[in-house]
Amino acid sequence: MLLSEGTAMTDDTAAPADAPPARRAAFRRWRRSRPFAGGLLLVVAGVEMFFSGQLDFGELHIQLGIEGLQATIIPILLVLLGVLAVSMPAHHVFYGVIALAVALYSLVGVNLGGFLVGMLLGCVGGVLVVAWMPRTKRVHAGEPPA
């Protein structure tokens, strides 16, 4: 709209053409240096379980566990473990194993694990967090490893 009114952008206000690819490359480097996909799946599983544990169907309130405490604690714990796995990748095995155990327990504690969807997302996310390995420098053929 502004360009059609006769105003032109000057060179000092224009965004550099290489800024978005540079930010995208920086995010890609950051994402590859941690178990991002597994942590994201754990967060999604926690959010899904939280909303499935707070369902109301008219007069019927679906909630299992000790007065619904588990339906709140388990999703919060999964979200926290997902965030911790992404923010502190050095402890990824610990966070992944705990997340896998919590996701499996959610089958009993949170409406069949968020109607099985949240439990499956949590189990896959926990396995991805445990299985993640940091990238190492490539060794070219003929060079001795450092």
Side-chain angles (χ1 to χ4, degrees), residues 1-3 9-58 60-146:
M1 288 285 176
L2 291 176
L3 292 177
M9 292 182 69
T10 61
D11 288 337
D12 58 347
T13 61
D18 63 332
R23 277 186 270 183
R24 191 175 305 133
F27 177 70
R28 187 178 303 126
R29 278 191 307 274
W30 177 83
R31 185 189 66 203
R32 288 182 179 170
S33 68
R34 52 200 70 239
F36 185 77
L40 184 65
L41 282 177
L42 287 174
V43 169
V44 169
V47 169
E48 194 275 334
M49 278 188 211
F50 181 77
F51 286 119
S52 73
Q54 310 298 327
L55 290 179
D56 285 324
F57 291 117
L60 180 65
H61 184 73
I62 299 176
Q63 209 166 32
L64 298 174
I66 303 169
E67 298 179 16
L69 184 64
Q70 292 177 354
T72 304
I73 297 296
I74 290 174
I76 290 173
L77 190 58
L78 280 175
V79 170
L80 180 67
L81 287 168
V83 169
L84 286 173
V86 172
S87 63
M88 292 190 288
H91 308 291
H92 68 97
V93 174
F94 176 73
Y95 296 136
V97 168
I98 299 297
L100 190 56
V102 169
L104 285 174
Y105 180 72
S106 73
L107 185 64
V108 176
V110 184
N111 295 334
L112 292 174
F115 303 114
L116 296 177
V117 174
M119 185 199 72
L120 290 174
L121 286 172
C123 287
V124 170
V127 167
L128 286 176
V129 168
V130 170
W132 175 80
M133 292 292 292
R135 288 185 174 233
T136 58
K137 292 184 178 181
R138 293 183 183 175
V139 178
H140 297 289
E143 291 182 15

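Just so it is clear, the model here is predicted, and its values are computed rather than measured. Start at 1 with the first residue, then count along the sequence.
- For the pair Gly122 and Ala103, the tightest heavy-atom approach, listed with the atom from each and the gap, is C-CB, 3.7 Å.
- In this structure the side chain of Thr72 never reaches within 4.5 angstrom of the side chain of Val110, judged on heavy atoms.
- In plain terms, the two heavy atoms of Pro35 and Val129 that are nearest each other are CB-CA, 4.2 Å.
- In this structure, Pro75 and Gly46 approach most closely via the heavy-atom pair CB-O, 3.1 Å.
- The stretch residues 26-49 participates, sequence neighbours left out, in no side chain to side chain donor-acceptor pair (under 3.5 Å) pair at all.
- Scanning both residues, Ala45 and Gly118, for their nearest heavy atoms gives CB-O, 3.3 Å.
- In this structure, Val44 and Leu121 approach most closely via the heavy-atom pair CG1-CD1, 3.8 Å.
- Applying the side-chain contact (heavy atoms from CB on, under 4.5 Å) test to Val124 and every residue at least two apart in sequence or in another chain returns Leu41, Leu128.
- Here Leu77 pairs with Leu81, Val102 under the side-chain contact (heavy atoms from CB on, under 4.5 Å) rule; sequence neighbours left out.
- Listed by chain and residue number, Val93, Val130 satisfy the side-chain contact (heavy atoms from CB on, under 4.5 Å) test with Val97 (two or more places apart in sequence, or in another chain).
- Ile73 CD1 to Leu78 CG: the interatomic distance, rounded to the nearest 0.5 Å, is 11.5 Å.
- Every pair tested for side chain to side chain donor-acceptor pair (under 3.5 Å) that includes a residue from residues 88-98 fails, sequence neighbours excluded, so the list is empty.
- Note on residues 100-110: pairs passing side chain to side chain donor-acceptor pair (under 3.5 Å), not counting sequence neighbours, are Gln70-Tyr105.
- Every residue meeting the side-chain contact (heavy atoms from CB on, under 4.5 Å) condition with Leu104, not counting sequence neighbours, appears here in chain and number order: Cys123.
- Atom-to-atom distance recorded for Ile98:CD1 and Leu84:CG is 11.5 Å, nearest 0.5 angstrom.
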